[in-house]
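See structure below.
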Amino acid sequence: MWMIKDLFEGLPQVGPREEQLGPGAWVLRAFSLADEASLLASLEGVVSQAPFRHMVTPGGYRMSVAMTNCGSLGWVSDRTGYRYDAIDPLSGLAWPRMPDAFFNLAKTAAAEAGFNDFDPDACLINRYEPGAKLSLHQDRDERDYGQPIVSVSLGVPAVFLFGGLKRSDRTERVPVRHGDVVVWGGPDRLRYHGVLPLKEDQHPVLGRCRINLTFRKAG
Ligand code: SIN
Ligand code: FE2
């Protein structure tokens, strides 16, 4: 016997396009898809000037996520600590400028979540290959916690962990797919978050990796 739900099998998921994770935290489903082509072309330009590299934590561990940056400030980690720096330590040059497609997407996503004055000057670009993960942490190296964080997911899907203001608070598992954008700010600005180890998968354009763009106002 067939059931009515069988009719929907295989159809693209239709559901709410925006999901609220907190008073100042939202998932904007597929929000960046319309800009996919210009985002990917811009990404290629940035990475050709400032290639991905595995940074080392202050404790001496090589991070499983490969990183680079664009914008006037870039997030760096080494044996001396975490910091924002105007200079790429690999090249000794300024980080590539933030492409307009990146800046405009970050601003419109922030506004969609209710943050109208977002002025990002830093974009951390994370590359996850199968097995790569990001442990639970707060983004707290920025000067002004009045400005939100805008996080764009591209490529292979992942599970984003969104916790509370204490490390020990329970975490929500948020599936993030190609094109989704997560924004958190205001009372949610210092929520702990992380990413579970990436599963082996293939994305038609980006291959077997996930790329995440994290926009901040750092300086
Ligand atoms: C980050 O916290 O910097 C990145 C989060 C993500 O990759 O989704
Ligand atoms: Fe973060």
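Worth knowing before you read on, the calculation uses all heavy atoms, side chains too, and leaves out hydrogens, waters and symmetry mates. Order of listing sets the numbers, starting from 1, for every ligand and every atom in it. Here the structure is a predicted model, which is why all the values come from computation and not from measurement. Sequential numbering from 1 along the given sequence is applied to the chain's residues.
- In the model, Asp169 has no side-chain atom that pairs as donor or acceptor with a side-chain atom of Thr171 under 3.5 Å.
- Not one N or O of Asp139 is nearer than 3.5 Å to an N or O of ligand 1, by distance alone.
- If you number the atoms of ligand 1 from 1 as listed, the ones under 4.0 Å from a heavy atom of Ser151 come out as 8 (O).
- The heavy atom nearest to atom 3 (O) of ligand 1, considering only His193, Gln138, Arg210, Arg216, is found in Arg216.
- The nearest protein atom to atom 1 (C) of ligand 1, hydrogens excluded, is given as Leu134 CD2, 3.5 Å; this is a heavy-atom distance.
- A donor and an acceptor atom, one from each side chain of Arg143 and Tyr84, are nowhere located under 3.5 Å apart.
- Near Thr214, meaning under 4.0 Å from any of its heavy atoms, are these atoms of ligand 1: 1 (C), 3 (O), 4 (C).
- The Fe ion (ligand 2) sits nearest to atom OD1 when only the N, O or S atoms of Asp139 are considered.
- Listed by number with element, the atoms of ligand 1 under 4.0 angstrom from any heavy atom of Tyr128 are 4 (C), 5 (C), 6 (C), 7 (O).
- Summarising the local packing, NZ of Lys133 is surrounded by 12 or fewer heavy atoms from other residues, nucleotides or ligands at distances under 6.0 Å.
- Annotation: cation-pi pair Arg127/Phe52 present, NZ/CZ under 6.0 Å from the ring centroid and within 45° of its normal.
- Checked against the Fe ion (ligand 2), the N, O or S atom of His137 at the shortest distance is NE2.
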Please step through side chain to side chain contact (heavy atoms under 4.5 Å, CB included) for the pair Tyr128 and Val195, ending with a clear verdict.
CA-CA 10 Å; Tyr128 297 75; Val195 177; 3.4 Å; yes
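- Side-chain atoms of Phe31 and Leu105, non-hydrogen and from C-beta on, do get closer than 4.5 Å to each other.
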